[in-house]
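Just below is one structure, and these are the notes that go with it.
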Amino acid sequence: MSHHDNSDTLSRPVNFIRNIIDDDLASHKHDHVHTRFPPEPNGYLHIGHAKSICLNFGLAQDYQGECNLRFDDTNPSKEEVEYIEAIKKDVAWLGFEWSGEPKFSSNYFDQFYGYAVELIEKGLAYVCFLNAEETRAYRGSLTEAGKDSPYRDTSPEENLALFSKMKNGDFKEGECVLRAKIDMASSFMCLRDPALYRVRFEHHHQTGDAWCIYPMYDFAHCISDAIEGITHSLCTLEFQDNRRLYDWVLDHLEDFNRPDRPHQYEFSRLNLEYTVMSKRKLHQLVDDNLVSGWDDPRMPTISGLRRRGYTPASLRDFAERIGISKVDSMTGMDILEASVRDDLNKVAPRSMAVLDPVKVVIENFEGEPLSIQAPVHPQNEAMGKREIFFGRELYIDRADFLEVAPNGKYQRLALDKEVRLRNAFIIKALRVEKDEAGKITTIYASYDPETLGKKPADGRKVKGVIHFVEASHALPAVFRLYDRLFTVENPVKEPDFEAVINTESLVVKQGFVEVGLANSEPEKAYQFEREGYFCRDNQSGDVQVYNRTVALRDTWSKK
RNA sequence: AGGGCUGUAGCCAAGUGGUAAGGCAUCUGGUUUUGAUCCAGUGUACCGCAGGUUCGAAUCCUGCCAGCCCUGCCA
């Protein structure tokens, strides 16, 4: 696939899953690698899924194998086609190509049914009429064995008939389930005769009304993997116990009880500071209108990150930087931000934008604004030039002017002090005009006409550089500055995570951008010099609205 | 009568008996028309703790401690 440049072919990541694969290949347990990314279409993908996507698809790329996209759609009551489309879009946007057509667990409903019949015939599954509470009581506890269901010893013949009736809709929802007959005393709770099928009179987005019984995850997932020839089935840590059931099912089915059948391996899920990562919580934020939607730029969803200005390359790089392990960890935002900055610094055209404008009048400049050719990228000449203007009236940012410089280290504009205007001339502030409230309305200044593209001939040092926009060419723009969504590192630890939401996570500013941005594309990254990386919002239409992806690294304001 | 996992610098993470990679962050210089980038430096990590085996232990053994997961007809 296309995103691999020579820099990352030099050093492949090292992790325990790659070690397992290397061993499996060396021992000829498998002669190829086939992974899968198996989301349930019950919500939008988030950056934790991106980690899994990069792992699964990345492994397939590096080992010249394949990776399937499979929708794990065994519970129609929670799923919607809207999510299927969004998931496909997000995976493709991240730069990955799934093997063949997208797969659905529901493609295999007939086969699942057949395998359930096989287990029944072997006396390994039975139809149980205990209700939910009874089942719970019979299950026992973490420290006490469970009790056998009274339906556990029904004959295979009778179970076959019962299961057939389940399928035909002869039983009500909740009236019975098909259960595996394993061990009610197992220390693995999931092995205490787990449910394999339940009755659900529900319309399914793929199979319509063809079924009224639906398989459970633990029964469907391992068989789906086996049917698709998956070699390494990767999931997160909370499924470690379930692996015993995964193995039990495949071990007891004639078609799959082979050494090269799929095996499950678990890695730790991504936890990011100052955000939440569960679909349920994300759903809640959307439903409670605490964010504007799944793609709110503050959301850790892939669609939110995309709208915020994150690039596919930066997310892949992030996944590589954090690695894969089994440690229950909390990753800092700084790694994510470093990943975007590294990518954007290379690819983002430079531009100038004034987010909080104050007018500057250059008193010794007369006539029409002057056209200036400025580099699109200071370290990459191949990116070409852009036209900017300098004239009698300009805007600079309020934060770049102080009437009196606080100390010798101050590098911005002050009265009687010189500063370089980025890509243009050196100016000196002369005096200010204020309104009744004492707020500065205009700064009067002079410019040195001999300093365009040159240092002052007399050798005087002008250290500071600030950005500006020429007033007659300035395009009004709205800037949305984002901050972390929560005020605490781990919101999930709070009694009510919504109570610690950061009320200042969005700040809106009105200012100007340079002319060159008139036709800026949504989601395309720009660096507004000295301000950060921004992209035009993908839903604002003709209005100039920019989302700040991330600010520039700042090693100075902390001092 | 519980079981399954995990503990390596502030954070992430290699390491699989031979003397602790790398990234992020931090700090210090240098370059710079972005206080950015870039470049060069910058860390006493009781390798969770305590014992043991060994010429040699983060790696093997024993015992503790801490954190996470498991009692859905969710995934």
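Just so it is clear, the values below take in all heavy atoms, side chains as well, and ignore hydrogens, waters and symmetry mates. Reminder, nothing fancy here: chain letters follow the sequence lines and each chain counts from 1.
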Which nucleotide, B:rA36, B:rG15, B:rC24, lies nearest any side-chain atom of A:T555?
B:rA36
When rounded to whole Å, the CG to P distance for the pair A:L413 and B:rU34 reads 17 Å
What do you reckon, are the aromatic ring centroids of A:Y126 and A:Y151 less than 6.0 Å apart?
no
Mind checking A:S141 for me? I need base, sugar-phosphate or nothing, with any heavy atom below 4.0 Å counting as a touch.
base
Sugar-phosphate only, base, or nothing, as touched by A:L142 at under 4.0 Å among non-hydrogen atoms:
base
Choosing from B:rC74, B:rG3, B:rA25, which nucleotide comes nearest the side chain of A:R200?
B:rC74
Between A:T331 and B:rC12, does any side-chain N or O lie under 4.0 Å from OP1 or OP2?
no
Measure distances between side-chain N and O atoms of A:R350 and base N and O atoms of B:rU34, and say whether any donor-acceptor pair falls under 3.5 Å.
yes
Describe the nucleic acid contact of A:P378 in one word from base, sugar-phosphate, nothing, applying a heavy-atom distance below 4.0 Å.
base
Please work out if A:N131 contacts a base, only the sugar-phosphate, or nothing of the nucleic acid, heavy-atom cut-off 4.0 Å.
base
Is A:K409 near enough to B:rG35 that one of its side-chain N or O atoms lies under 4.0 angstrom from OP1 or OP2?
no
Hey, which of A:Y526, A:F528, A:Y546 is the one that makes ring-ring contact (aromatic ring centres under 6.0 Å, His included) with A:F534?
A:F528
So what does A:N75 hit on the nucleic acid, given a heavy-atom distance under 4.0 Å: a base, only sugar-phosphate, or nothing?
sugar-phosphate
Contacts of A:K493 and A:F425 projected onto RNA chain B by closest heavy atom; the upstream (5') one is A:F425
Whom does B:rC64 pair with, Watson-Crick or G-U wobble, provided both distances fall under 3.5 Å?
B:rG48
Please confirm whether the shortest side-chain N or O distance from A:R341 to OP1 or OP2 of B:rU37 is below 4.0 Å.
no
Can you tell me the pairing partner of B:rA40 across any strand shown, Watson-Crick or G-U wobble, with both distances under 3.5 angstrom?
B:rU28
Under 4.0 Å: is that the gap between some side-chain N or O of A:T74 and OP1 or OP2 of B:rA75?
yes
Tell whether A:E531 reaches the base of B:rU34 with its side chain through a donor-acceptor pair below 3.5 angstrom.
no
Using a heavy-atom cut-off of under 4.0 Å over every strand shown, decide if A:Y197 touches base, sugar-phosphate, or nothing.
nothing
Any base atoms under 4.0 Å from A:E273, or only sugar-phosphate, or nothing? Heavy atoms, all strands.
nothing
Distance in angstrom units between A:M330 CE and B:rU6 C1', rounded
15 Å
Just checking A:N19: base, sugar-phosphate only, or nothing, at a heavy-atom cut-off of under 4.0 Å?
base
With a 4.0 Å cut-off on heavy atoms, is A:K454 in touch with a base, just the backbone sugar-phosphate, or nothing at all?
base
How close or far is atom C1' of B:rU26 from atom CD of A:E337, stated in whole angstroms?
16 Å
Going by modelled atom types, is there a donor-acceptor pair between the base of B:rA13 and the side chain of A:E320 at under 3.5 Å?
no
For A:E144 and for A:C128, locate the closest nucleotide of RNA chain B by heavy-atom distance; then report the residue assigned to the nucleotide nearer the 5' terminus.
A:E144
Classify A:L270 by what it touches in the nucleic acid, base, sugar-phosphate, or nothing, heavy-atom distance under 4.0 Å.
nothing
On the nucleotide B:rA75, are OP1 or OP2 found under 4.0 Å from the side-chain N or O atoms that A:R198 carries?
yes
Which part of the nucleic acid does A:G332 contact within heavy-atom distance under 4.0 Å: base, sugar-phosphate only, or nothing?
sugar-phosphate
Whole-Å distance between B:rC12 P and A:F267 CZ?
17 Å
Could you give the CE-to-P distance, from A:M352 to B:rU34, as a whole number of Å?
12 Å
Under a 4.0 Å N-O cut-off, is there an ion pair linking A:D397 with A:R530?
no
Please name the nucleotide paired to B:rA9 by Watson-Crick or G-U wobble geometry with both distances under 3.5 Å, or report none.
none
Does B:rC55 pair with anything, Watson-Crick or G-U wobble, both distances under 3.5 Å, and if so, with which nucleotide?
B:rG18
Identify whether any heavy atom of A:R422 sits under 4.0 Å from a base atom; if not, whether one sits that close to sugar-phosphate; answer base, sugar-phosphate or nothing.
base
Salt-bridge contact A:R321-A:D342 (side-chain N to carboxylate O under 4.0 Å):
yes
Looking at B:rC11, I'd like to know if its phosphate oxygens (OP1 or OP2) sit under 4.0 Å from a side-chain N or O belonging to A:S329.
no
Picking from B:rG35, B:rC70, B:rG4, which would you name as closest to the side chain of A:M189?
B:rC70
I'd like to know if the side chain of A:R192 reaches the main chain of A:R139, judged simply by a donor and an acceptor atom lying under 3.5 Å from each other, with no hydrogens or angles considered.
yes
Quick one: label A:R553 by what it contacts on the DNA or RNA (base, sugar-phosphate, nothing), any heavy atom closer than 4.0 Å.
sugar-phosphate
Is the distance from OP1 or OP2 of B:rC69 to the nearest side-chain N or O of A:R244 less than 4.0 Å?
no
Below 4.0 angstrom from OP1 or OP2 of B:rA14, is there any side-chain N or O of A:R18?
no
Taking OP1 and OP2 of B:rC69, is either one under 4.0 Å from a side-chain nitrogen or oxygen of A:R243?
no
Checking understanding here: a glycosidic angle within 90° of 0 is syn, the rest anti, so what is B:rG72?
syn
Distance, rounded to the nearest Å, where A:Y217 contributes OH and B:rC73 contributes C1':
17 Å
Does A:R139 make a side-chain N or O approach to OP1 or OP2 of B:rC73 shorter than 4.0 Å?
yes
Short question: side chain of A:R412, backbone of A:I466 - any donor-acceptor pair under 3.5 Å?
no
Expected list for residues 273-282 of chain A: side-chain donor-acceptor pairs under 3.5 angstrom, two or more places apart:
residue	atom	partner	partner atom	Å
A:S278	OG	A:K281	N	3.1
A:K279	NZ	A:E40	O	3.0
A:K279	NZ	A:N42	OD1	2.8

Under 4.0 Å between a side-chain nitrogen and a carboxylate oxygen: does that hold for A:E266 and A:R243?
yes
Salt bridge A:K103-A:E228, side-chain N to carboxylate O under 4.0 Å:
no
Counting only distance, no hydrogens or angles, is the base of B:rG7 paired donor-acceptor with the side chain of A:D328 under 3.5 Å?
no
In whole angstrom, what separates A:I324's CD1 from B:rC12's P?
14 Å
Nearest-Å distance, NE2 (A:H467) to C1' (B:rA36)?
12 Å
Tell me what A:D72 touches on the nucleic acid: a base, only sugar-phosphate, or nothing, going by heavy atoms under 4.0 Å.
sugar-phosphate
